[in-house]
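Structure first, commentary second.
When reading the values below, keep in mind they use all heavy atoms of this one structure, side chains included, and skip hydrogens, waters and symmetry mates. If you read the sequence from its start, that first residue is 1, and numbering goes on from there. Just so we're clear, the structure is a prediction, and the values are computed from it rather than from any experiment.
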Amino acid sequence: MNEIIKKIEAEQIKEDAPSFRVGDTVRVSAKIKEGNRERIQVFEGTVLKVQGSGCRTTFTVRKTSNGIGVEKTWPLHSPNVEKVEVVREGKVRRAKLFYLRDRVGKSAKVKERIR
C-alpha cells in the first residue's frame, strides 16, 4: 500500500478503541445530527460481526425493536461513534453470527461467558 495512505490512516485511528468480540452485547453511543442540533443516541444489541482491519474496521450490531430485527453497521474509528460499552460477554464459536437472523425468542440469545 502507498506510504501516504498508510500515514493518513494512522492519524485517523482512535488510540482508545474499545475491545469487544463477536457475540458480546454492547451499548453504542453514536452522535446524531438533526439540523443544527447534535445529540447522542444509544443502540444496544449483540455484535454479529467485526470485519476489516486498521482504520477500516467496522462492526455490526443487531437488536430487536418491537418484534422487528434492526441491524446497524458502524466504522470503529469513526468520530460519530462516541463510545462502545460492553454490557455482557457472549460465548460463541463462530466469527459471524448470521444464524441469529432466523431465530426468534430465547433461541436468539447468546450464552454468557463466565470469567
Handout entry: Results of side chain to side chain contact (heavy atoms under 4.5 Å, CB included) for Arg93 - residues two or more places apart only
Key = none

Fill in the blank from the handout: Arg94 meets the side chain to side chain donor-acceptor pair (under 3.5 Å) criterion, sequence neighbours left out, with none

Practice task
Please indicate whether Lys91 has more than 12 foreign heavy atoms, meaning atoms of other residues, nucleotides or ligands, lying under 6.0 Å from its NZ.
Solution key: no

Problem - Set of residues satisfying salt bridge (Lys or Arg N to Asp or Glu O under 4.0 Å) with respect to Arg21, sequence neighbours excluded - result: none

Handout entry: salt bridge (Lys or Arg N to Asp or Glu O under 4.0 Å) against Arg103, all qualifying residues, sequence neighbours excluded
Key = none

Exercise for the section: Could I get the full list of side chain to side chain donor-acceptor pair (under 3.5 Å) partners for Thr73, not counting sequence neighbours? Expected result: Thr60

Problem - Residues that Ile4 engages under side chain to side chain contact (heavy atoms under 4.5 Å, CB included), provided they are two or more places apart - result: Asn2, Ile8

Exercise for the section: Could I get the full list of side chain to side chain contact (heavy atoms under 4.5 Å, CB included) partners for Lys83, not counting sequence neighbours? Expected result: Ser29, Glu85

Exercise for the section: Could you identify which residues cluster with Phe59, counting Ile, Leu, Val, Met, Phe, Trp and Tyr as linked when any side-chain heavy atoms lie under 4.5 Å apart, either directly or through a chain of such contacts? Expected result: Phe20, Val22, Val26, Val28, Phe43, Val47, Leu48, Val50, Val61, Val70, Trp74, Leu76, Val81, Val84, Val86, Val92, Leu97, Tyr99, Leu100, Val110

Completion exercise
Residue pairs meeting ring pair (Phe, Tyr, Trp, His ring centres under 6.0 Å), one or both in residues 21-42, sequence neighbours left out, come to none

Problem - Spacing of Glu44 atom CD and Thr25 atom OG1 [to the nearest 0.5 Å] - result: 7.0 Å

Practice task
Would you mind reporting whether Arg56 and Glu9 have side-chain heavy atoms less than 4.5 Å apart?
Solution key: yes

Exercise for the section: With sequence neighbours excluded, give me every salt bridge (charged side-chain N to carboxylate O under 4.0 Å, His left out) pair touching residues 73-82. Expected result: Lys31-Glu82

Handout entry: Listed once per pair and sorted, the salt bridge (charged side-chain N to carboxylate O under 4.0 Å, His left out) pairs that draw on residues 58-75, sequence neighbours left out
Key = Arg62-Glu71, Glu71-Arg101

Handout entry: Rounded distance (nearest 0.5 Å) linking atom CD of Glu11 with atom NZ of Lys6
Key = 15.0 Å

Practice task
Check Val104 against Ser107 and note the closest heavy-atom contact, atom names and distance.
Solution key: O-OG, 3.1 Å

Exercise for the section: Please name all residues satisfying side chain to side chain contact (heavy atoms under 4.5 Å, CB included) with Ile32, sequence neighbours left out, ordered by chain then number. Expected result: Glu34, Arg39, Gln41

